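To keep things clear, I will list the structure first and then write my remarks on it.
It should be emphasised that the depicted structure is a prediction, and the values quoted were computed from it without experimental measurement.
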Amino acid sequence: MTYAIFFALVSLAAAGCLDVTFRRFSLKLRSRGMYVFGCGVVWLALQLIYLSITEVQLRLDEVTVMYGLLTGAFLVLANILLIESLTGLDVSLGSMIYRLNTIGVVAISFVLLGEDVGFIKLLGVGIGIAAVLILYRRGDGVSIPILFFVMAVVASASRAIYGVASKVALEQGASAEGLLVIAATSWIVGGFAYAAFREKRIRITGKKTVYAVVSGFLAFAVVNALIEALKHGEASVVVPIANLSFVVAMLLSVFLGMEELSGRKYLAIGCAAMSVFLMAQAV
């Protein structure tokens, strides 16, 4: 279990750093699509190298490809929307909303998969929603621009759909390694399409390349460390730890001078952490 917790903490740290990197990139007017494209290229290269080193056979059968395309589409949508939302949200709020995708997982699992939702999970959902509402209004009483808030919520919902669909895919016999390779490829295709058709600018600069390399490494670390953690530990322990990455994101953001701490943020982060813990019960 110690091995599992270690990798869960690695995933947590990498995810927190990734959210802060997303925020720093979005502070200036740059192509989000080409950024995601570059991240995907780096992630895919690392994924293939990792498979080669570990001598794991890549399996891309019909089930893996079908679910891989579905989950990949929702994953790239989630990350593009997260990056866009961070142009108008502090890391503490944007990261917290995104990492509270467990609320969506609980809801979708109940509606589509018929899974039981007890009082403890419902309490966790309620506390999670309260955490978001606490941060929705800043300390000066000014509301967050609704567009960025909605983007973050939709990004979280898309990430939740990705999580549930991935769970179904694995239960149907899809290859975990194949799903990750397709996910990285989806970032490449989705990012390029977003840059070409939505932003209408396809240009790679030195700055974008640096951000893409750093973020690609972090994305690779997030997913692979989490998989390693799940291989050696229980999901009810590993998942809550990994989903607390928004705490790292907030602390790192404060350290870098990107935002300031407040009593409201402490309260919201505490509520969010409790929410994640409660919703992870009986995972």
Side-chain angles (χ1 to χ4, degrees), residues 14-49 68-99 101 144-162 180-223 245 249 252-253 256-259:
C17 292
L18 182 60
D19 289 350
V20 172
T21 306
F22 281 169
R23 167 63 173 166
R24 289 189 72 86
F25 180 87
S26 64
L27 289 175
K28 292 186 178 181
L29 187 59
R30 291 181 278 227
S31 171
R32 278 69 164 155
M34 293 308 294
Y35 174 39
V36 171
F37 167 82
C39 293
V41 170
V42 175
W43 178 12
L44 179 59
L46 291 172
Q47 201 68 53
L48 293 175
I49 292 172
L69 293 175
L70 175 65
T71 57
F74 279 107
L75 184 61
V76 71
L77 174 63
N79 282 277
I80 288 177
L81 287 175
L82 174 61
I83 295 169
E84 290 285 10
S85 72
L86 289 173
T87 61
L89 301 180
D90 285 341
V91 173
S92 54
L93 178 57
S95 180
M96 189 179 73
I97 293 174
Y98 187 69
R99 302 302 168 184
N101 60 76
I144 302 295
I146 188 65
L147 176 61
F148 300 115
F149 182 80
V150 170
M151 281 183 177
V153 171
V154 175
S156 183
S158 298
R159 179 62 178 78
I161 295 173
Y162 163 79
L180 290 179
V181 168
I182 295 175
T185 304
S186 298
W187 278 41
I188 296 173
V189 176
F192 188 84
Y194 191 78
F197 300 110
R198 172 66 176 84
E199 298 174 317
K200 296 186 177 0
R201 48 180 175 160
I202 301 174
R203 192 162 66 93
I204 298 177
T205 64
K207 274 279 190 183
K208 287 178 191 172
T209 301
V210 171
Y211 272 105
V213 170
V214 172
S215 301
F217 268 92
L218 290 172
F220 168 81
V222 170
V223 294
S245 59
L252 184 56
S253 177
L256 294 174
M258 297 167 63
E259 60 179 293

| task | Only pairs at least two apart or in different chains count here, so list each salt bridge (Lys or Arg N to Asp or Glu O under 4.0 Å) that has a residue in residues 33-48. | result | none
| message | For residues 201-215, which residue pairs pass the salt bridge (Lys or Arg N to Asp or Glu O under 4.0 Å) check, not counting sequence neighbours? | response | none
Rounded to the nearest 0.5 Å, what's the gap from [atom1] on [X] to [atom2] on [Y]? Could you check?
X: Y211; Y: S26; atom1: OH; atom2: OG; value: 9.0 Å
X: M34; Y: T205; atom1: CE; atom2: OG1; value: 9.5 Å
X: L180; Y: L46; atom1: CG; atom2: CG; value: 12.5 Å
X: M96; Y: S245; atom1: CE; atom2: OG; value: 12.0 Å
X: L77; Y: L82; atom1: CG; atom2: CG; value: 11.0 Å

| request: Using the test side chain to side chain donor-acceptor pair (under 3.5 Å), find all partners of R23 that sit at least two apart in sequence or belong to another chain. | output: none
| message | My understanding is that only residues two or more places apart in sequence, or in another chain, count here; which of them pass side chain to side chain donor-acceptor pair (under 3.5 Å) with N79? | response | none
Closest contact, heavy atoms only, [X] versus [Y]:
X: T71; Y: Y162; answer: O-CD1, 3.2 Å
X: K28; Y: R32; answer: O-NH1, 3.4 Å
X: V36; Y: I83; answer: CG2-CD1, 3.7 Å

| Does any N or O in the side chain of E199 come within less than 3.5 Å of the main-chain N or O of G33, such that one atom is a donor and the other an acceptor? | yes
| field | S215 side chain to A212 backbone, donor-acceptor under 3.5 Å | value | no
| request: Only counting residues at least two apart or in another chain, list the ones meeting ring-ring contact (aromatic ring centres under 6.0 Å, His included) with F220. | output: Y50
| query | Who pairs with Y35 by ring-ring contact (aromatic ring centres under 6.0 Å, His included), at least two apart in sequence or on another chain? | reply | F22, F25
Using atom types as modelled, flag every donor-acceptor pair under 3.5 Å from a side chain in residues 186-197 to any protein atom, sequence neighbours excluded.
residue	atom	partner	partner atom	Å
S186	OG	I182	O	2.8
Y194	OH	E84	OE2	2.7

| request: Please check if atom CD1 in I204 has more than 12 non-hydrogen atoms from other residues, nucleotides or ligands closer than 6.0 Å. | output: no
| note | Residues passing the side chain to side chain contact (heavy atoms under 4.5 Å, CB included) test with S92, sequence neighbours excluded, are D90, L135, M250, E259, K265
Taking only distance into account, with no hydrogens and no angle test, what donor-acceptor pairs under 3.5 Å do side-chain atoms of residues 146-160 form with protein atoms, sequence neighbours excluded?
residue	atom	partner	partner atom	Å
S156	OG	I97	O	2.9
S156	OG	N101	N	3.4
S158	OG	V154	O	2.9

| message | Go through it in stages, so that I can follow the logic: the residues are L86 and R24, the test is side chain to side chain contact (heavy atoms under 4.5 Å, CB included), and I'd like the CA-CA distance, side-chain angles, deciding distance and then a yes or no. | response | CA-CA 9 Å; L86 289 173; R24 289 189 72 86; over 6 Å; no
